[in-house]
Amino acid sequence: MATTLLVQNSFFNNNNSNNTPENASQKHINTPKTRNPRVEISSGSSNYTRLRTKQSKSSKTVIEPGTLTLTRDLQSLVDSGSMDDAHHLFDKINCLDIYIWNVMIRGFASNGLFREAVDFYRRMESEGFKADNFTYPFVIKACGGLLWSIGGEMVHAKLFKCGLDWDVYVCNSLIVMYMKVGCVECAERVFDEMPVRDLVSWNSMINGYHIVGDGVSSLMCFKEMQKHGMRHDRFSVISSLGASSSERFLKSGKEIHCQVIKNSLEMDVMVQTSLIDMYSKCGIVDYAERVFSRIFSRNVVTWNAMIGGYVLNAHFSESFTFLKKMQEDDKLSPDAITMINLLPSCAQLGALLEGKSTHGYGIRKGFLPHLVFETSLVDMYGRCGELKMAECIFESMTEKNLVSWNAMIAAYTQNGRNKKALKLFQDLWSNKFHEPLTPDAITFASILPAYAEMATLGEGRQIHALITKLGLVLNTCISNSIVYMYAKCGDLHIARKLFHGILCKDVISWNVIIMAYAIHGLAKRSIQLFNEMREKGINPNGSTFVSLLSSCSICGMMDEGWDYFNSMRRDYGIEPGIEHYGCMIDLLGRSGNLDQAKHFIEEMPLVPTAKIWGSLLTASRKNNDIVSAEFAARHILSLEHDNTGCYVLLSNMYAEAGRWEDVERIQGLMEKEGLEKTVSCSVVENNSEAHRFINQESSHNKLHMIYNVLDILLRKIGEDVYVHTVTKFRPPNLLRKRAKSPVNHSVRLAISFGLISTTVGNPVLVRNNTRICEDCHNAAKKISEITKRELIVGDPKVFHHFRDGYCSCGDYW
DNA sequence: CAGGAATGTG
């Protein structure tokens, strides 16, 4: 791995000595200065100009303390960011005054050393100096930087005492601080009560609303400002463009673009960058390109915005083209944000190699550790199926936020590692290892698929309640996942009810409900819903057809299946993907035509995956065709040599055919691979308590009664002689198999327990982690008949509804 | 005898 990462990739040139980001940003600094110095003074950009003003060389051996020279030296140290040196010099000064203290506090605050700024302020006060109107803006900024709202409020309270609560600079700092800590009302109060408001006050409000995520108020404030006769500047425009982007308000974005032109701000590179971002986020990448093409001096940020725009609008290959252009045309080196922008492209294209070279480039350039970069890497590796790498990065991260956790949880669920996902989700809650984090919509969207696969109905209800409590149920994406979860947990009724309750149904809502009926074996309803969806004017997408074709294959609806398969390209312009072909192979397998299925695999334009061969394997098993099964298994194992299910299925087939030497051979192979057969487990709930059973269960507290019930049931359905007929021909070394006879399979135990612990009239719901075996399927049918109870048994793929001696699956699964 | 607040790409 390490070697792959360190391989120089053609995407990144880092030969040119002149293309460092440092040089790039200096180029950018020079631009505003040369253009019009006077305008720049009134509209700011002090950060940069300050850096380049008076570079009088400071010598630390200053002779006369307390003189003007000393103060100047201190200032230039502070301005160049050398706070350590400044601190040393400060300690040497004998006659301190408020001015010198202010220089130090400003130095800390503007260099991001907020803690130190506050400490210095405290020290100053304790030494008897009184803070003045210059001190407070720095201190308030430091409180904001620390997100320390209590400190900010304390300072605010002091201002009234010393009568500085009206100072424009002080109030502006308060607005920024309150917005930063998220206290919009406090910021609004300060703004409303200011006797005099200047441009900065308005701009701070506009930007403040934007950073708290209230783009609407930000844009309203921008308009309000003009009504008050206040002329906007580049700061106002940049912030309100940001607000337009985050709200995806193309119209207001365009209006601001007009203002930009009217006020001759269109040559400002920051404004141009904001415009690119706005147009990209509003989905008009051509406009963004047009703005981009007119920029004379582009910097890394501009390029990043453009590359990010391409990625956002799914122009993945353009994003890489622009990476090259950026390096060749403008001799600029990509920075960490370029990488972060590119990683989703790698993920979407499944371009693992590019992903790895992006990672490698980040390592070589020293961009790591970097919270966002690492999180994007976790996401990329997760999506590319490189779970180990994702895990490795996540675990090594020194700092993690909710987004990082979400990315790792999603990586697990996307790669079918549901147990790990659930474990991580639990760790997120228990704040043993980190600051408490409250899951958000993305967390739930990521974890719900794992709940769908693993949870009991009761656990499903719990997570649903939690989502409701956090006020996230109105989120369509989450509602969709909840509907699917209930269906997968066995409660189709609730799933349907919740589906109808979704206010803004999107195409995914429909896909989910169609799939819900599919897994419960109700294809007619699936098709009905598909028609209903079209009547409502919702355009189906590829996933809709996965749901629909699954439904047809689960229920064995041959003709309908082929009709939909042919129609998707012809009527909807949707090219069948690998999943669609998979459904069709299931369908062919069901009809028993294995040759046709094999032919179909050979003919299809996509490279068959292990899953495709898995469909053929299942079909071979159902049709008792060992030769086809071996053929499919060879393909599966060449792609996934650790596919436990494949070994087990083949071994079972050999066992049924009495080919014991082959059974042993497979067992040997599994041992060599270090694989163990999945322990079958059946879960049934009673009083919201999950009761888990394994084959030959021996630890349940009502074990005796359950076995008695099972005995009675088996006698009634005439299976009590079964044990001897099956096992008597087995060779001695496989006699231990005897214990594994289906009579004591977990499903039967769960059903028995379910029957005695639930009210008559309610169905018995059992969830299985493996497919139900044929013997148990037969037994369940008979049990449903003699007990007159509905039994619902879910396996990883479908739900069997046993009623009156029949199963909804039509005996094919 | 100086000094202060707000901005673009993740």
Side-chain angles (χ1 to χ4, degrees), chain A residues 21 28 32 43-48 50 54 67-69 71-72 74-75 78-79 97-107 109-110 131-141 144 164 167-177 179-180 190 197-208 210-211 232-242 245 265 268-278 280-281 288 291 295 298-309 311-312 326 334-344 367 370-376 379 401 403:
Chain A
H28 160 60
S43 63
S45 96
S46 49
N47 276 350
Y48 299 143
R50 199 166 47 219
K54 44 190 169 172
T67 62
L68 186 57
T69 357
T71 316
R72 285 231 177 100
L74 188 70
Q75 242 160 348
V78 161
D79 290 339
D97 62 7
I98 185 73
Y99 181 83
I100 293 174
W101 281 101
N102 285 349
V103 170
M104 285 304 287
I105 298 169
R106 167 170 70 89
S110 52
D132 64 7
N133 55 326
F134 289 98
T135 322
Y136 284 111
F138 310 137
V139 180
I140 294 165
K141 182 185 178 152
L164 285 172
D167 184 279
V168 184
Y169 283 87
V170 172
C171 289
N172 290 346
S173 319
L174 282 171
I175 291 172
V176 174
M177 183 272 295
M179 285 297 200
K180 211 169 226 163
V190 173
R197 290 189 278 255
D198 67 359
L199 183 56
V200 180
S201 322
W202 285 96
N203 288 347
S204 303
M205 287 303 284
I206 296 169
N207 189 54
H210 168 51
I211 61 171
H232 61 252
D233 66 352
R234 51 200 297 270
F235 290 94
S236 345
V237 158
I238 289 164
S239 298
S240 50
L241 280 173
S245 327
L265 290 167
D268 184 311
V269 75
M270 277 199 192
V271 172
Q272 291 164 323
T273 307
S274 301
L275 281 167
I276 292 171
D277 183 56
M278 182 274 294
S280 319
K281 296 237 166 86
V291 175
I295 304 178
R298 294 174 285 235
N299 59 37
V300 194
V301 186
T302 326
W303 282 96
N304 286 348
M306 197 61 236
I307 291 171
V311 176
L312 205 66
M326 157 183 185
D335 65 2
I337 293 173
T338 322
M339 310 288 105
I340 293 163
N341 276 334
L342 284 169
L343 285 170
F367 295 152
H370 184 299
L371 175 65
V372 182
F373 193 178
E374 287 163 310
T375 303
S376 308
D379 180 76
N401 62 12
V403 185

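All chains are named by letter (A, B, ...) in the order of the sequence lines, taking the proteins before the strands, and each is independently numbered beginning at 1.
- Here dG4(B) is the nucleotide among dG3(B), dG4(B), dG10(B) with the atom lying nearest to any side-chain atom of N133(A).
- Distance, M104(A) CE to dG3(B) P: 18 Å, rounded to whole Å.
- Between dG10(B), dA6(B), dG8(B), one nucleotide has an atom nearer to the side chain of V200(A) than all others, and that is dA6(B).
- When distances run from any side-chain atom of S239(A) to the nucleotides dG10(B), dG3(B), dT7(B), the shortest one goes to dT7(B).
- Nucleic acid contact for F134(A): base, since at least one base atom lies under 4.0 Å from a heavy atom of the residue.
- Put simply, F235(A) rests on the base of dA6(B): the two rings are less than 5.5 Å apart at their centres and nearly parallel, under 30°.
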Inset, instruction - With salt bridge (charged side-chain N to carboxylate O under 4.0 Å, His left out) as the test, would you mind laying out the steps for D79(A) and R106(A) before giving the verdict? - result: CA-CA 9 Å; D79(A) 290 339; R106(A) 167 170 70 89; 3.1 Å; yes
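- Ranking dA2(B), dG8(B), dG10(B) by closeness to the T71(A) side chain, first place goes to dA2(B).
- Using a 4.0 Å heavy-atom criterion, one finds that N401(A) contacts no nucleic acid atom at all.
- Following rounding to the nearest Å, I211(A) (CD1) and dT7(B) (P) show an atom-to-atom distance of 8 Å.
- Using a 4.0 Å heavy-atom distance criterion, V176(A) is classed as a sugar-phosphate-only contact.
- For dG8(B), the base has a donor-acceptor partner in the side chain of T273(A) [N/O atoms by modelled type, under 3.5 angstrom].
- At a cut-off of 3.5 angstrom, the base of dG4(B) holds at least one donor-acceptor pair with the side chain of D167(A).
- Side-chain polar atoms of T338(A) and N341(A) form no donor-acceptor pair below 3.5 angstrom.
- In this structure, the CE atom of M179(A) is 15 Å from the C1' atom of dA5(B), given to the nearest Å.
- Taking the side chain of N203(A) as heavy atoms from C-beta on, and the options dA6(B), dG4(B), dA2(B), the nearest nucleotide is dA6(B).
- Computed from coordinates, the Q272(A) CD to dT9(B) P distance equals 15 Å when rounded to whole Å.
- S240(A) places a side-chain N or O within donor-acceptor distance of the main-chain N or O of V237(A), the cut-off being under 3.5 Å.
- Atom P of nucleotide dA2(B) and atom CD1 of I98(A) are separated by 17 Å, given to the nearest angstrom.
- D379(A) has its CG atom 15 Å from the P atom of dG10(B), to the nearest Å.
- Among the nucleotides dG3(B), dG10(B), dA2(B), the one closest to any side-chain atom of N102(A) is dG3(B).
- Regarding contacts with the backbone of dG8(B), every side-chain N or O of K281(A) stays at 4.0 angstrom or more from both OP1 and OP2.
- Residues passing the side chain to side chain contact (heavy atoms under 4.5 Å, CB included) test with V372(A) are I340(A), H370(A), S376(A), sequence neighbours excluded.
- In this model, no donor atom of one side chain and acceptor atom of the other lie less than 3.5 Å apart for S280(A) and D277(A).
- Set against dG3(B), dG10(B), dA5(B), the side chain of D198(A) has dA5(B) as its closest nucleotide.
- Taking all atoms of both residues into account, the shortest heavy-atom contact from I175(A) to M205(A) is CG2-SD, 3.5 Å.
- In this structure, N207(A) atom CG and dG8(B) atom C1' are separated by 11 Å, rounded to whole Å.
- Distances shorter than 4.0 Å separate none of the side-chain N or O atoms of K180(A) from OP1 or OP2 on dA6(B).
- We find that CH2 of W202(A) is positioned 22 Å from P of dA5(B), with the value rounded to whole Å.
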